[in-house]
Amino acid sequence: MSARILLFGCFIAIALFFQPVSAQTLYKSIMPDGRVVYGDRAEPGAVKVETSKPDTKKTGVQVIRPGTESQVQKMEAGRKKEDAKVDQRRQAEEAVRNAEAALANGKEPLPGERIGTAGGASRLTDSYWERQKKLKEDLVNARDNLNRLRIEDR
């Protein structure tokens with residue numbers, strides 16, 4: 001007798017397990033004071049009640065084939081691309097600041113960039129002028145790069 005009850009209980013459990021799941025109705029109740037209340041039944045005293053049933057047709061595993069991207073994946077790719085652009089602009093702005101600072105700090109001659117003259121004075125050597133030219137070129141290149149990035153963003 002107990003085996004029969006156990007078998008019957010298993011049968012009931014299996015039958016309940018394989019029952020189709022029906023979607024529950026969702027109620028959106030708008031109260032007189034403007035509050036919106038969501039629930040499994042309409043709120044009493046609501047000015048307006050809207051009902052909706054979730055779509056349960058798309059269940060299980062969804063396969064994404066190569067070449068088909070979901071909207072989320074497209075948004076994520078766009079965000080990563082925008083983040084990369086922002087990082088490039090920041091680096092370019094920092095390069096301009098560093099080049100300006102290097103030019104300002106490089107005005108003073110370094111040891112060996114002055115040479116004495118016959119009259120007892122001194123003059124700047126060619127290496128000083130080459131260094132100044134290089135610092136100015138670095139600043140121009142950094143500004144050009146920043147301007148190019150700004151134009152690309154438009």
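Keep in mind it's a predicted model, so treat the numbers as computed, not measured.
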- Query: Is there a donor-acceptor contact under 3.5 Å from the side chain of Asn145 to the main chain of Asn141?
  - Reply: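 No.
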Please report, to 0.1 Å, the donor-acceptor pairs under 3.5 Å made by any side chain of residues 105-112, with sequence neighbours excluded.
unit_1, atom_1, unit_2, atom_2, d
Asn105, ND2, Ala101, O, 3.2

- Task: State whether Arg150 and Glu93 are salt-bridged, where the test is any N-O pair (Lys NZ or Arg NE/NH1/NH2 against Asp/Glu carboxylate O) under 4.0 Å.
- Result: yes
- Going by an N to O cut-off under 4.0 Å, is there a salt bridge joining Lys134 and Asp138?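 Salt bridge flag = yes for Asp138 with Lys134.
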Compile the donor-acceptor pairs under 3.5 Å between side chains in residues 77-86 and protein atoms, sequence neighbours left out, one pair per line.
unit_1, atom_1, unit_2, atom_2, d
Arg79, NH1, Asp83, OD2, 2.7
Arg79, NH2, Glu76, OE2, 2.6

- Message: Going by the rule salt bridge (Lys or Arg N to Asp or Glu O under 4.0 Å), which residues pair with Glu130 if we only count those two or more places apart in sequence or in a different chain?
- Response: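 Glu130 satisfies salt bridge (Lys or Arg N to Asp or Glu O under 4.0 Å) with no residue once adjacent residues are dropped.
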- Query: Got more than 12 heavy atoms from elsewhere within 6.0 Å of CE, Met75?
  - Reply: no
- Query: Does CG belonging to Asp87 count more than 12 external heavy atoms closer than 6.0 Å?
  - Reply: yes
- Message: With a 4.5 Å cut-off on side-chain heavy atoms, are Arg143 and Glu100 touching?
- Response: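 Yes - at least one pair of side-chain heavy atoms lies under 4.5 Å apart.
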- Message: Checking one residue: Val140. Which other hydrophobic residues are in its cluster under the side-chain 4.5 Å linking rule?
- Response: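 Cluster partners of Val140: none, it stands alone.
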- Query: By the rule that ILVMFWY residues connect when side-chain heavy atoms come within less than 4.5 angstrom, directly or transitively, which residues belong alongside Leu124?
  - Reply: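 The other cluster members (ILVMFWY side chains, heavy atoms under 4.5 Å, direct or chained) are Tyr128, Trp129.
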- What are the two closest non-hydrogen atoms of Leu146 and Arg89, and how far apart are they?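 Leu146 and Arg89 have their closest heavy atoms at CD1-O, 4.1 Å.
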Which donor-acceptor pairs under 3.5 Å do side chains of residues 35-49 form with protein atoms, sequence neighbours excluded?
unit_1, atom_1, unit_2, atom_2, d
Arg35, NE, Asp33, OD2, 3.2
Lys48, NZ, Glu50, OE2, 3.4

- Roughly how far apart are Asp144 CG and Leu139 CG, rounded to 0.5 Å? 9.5 Å
- Could you tell me the separation between the NZ atom of Lys133 and the CG atom of Asp126, rounded to the nearest 0.5 Å? 11.5 Å
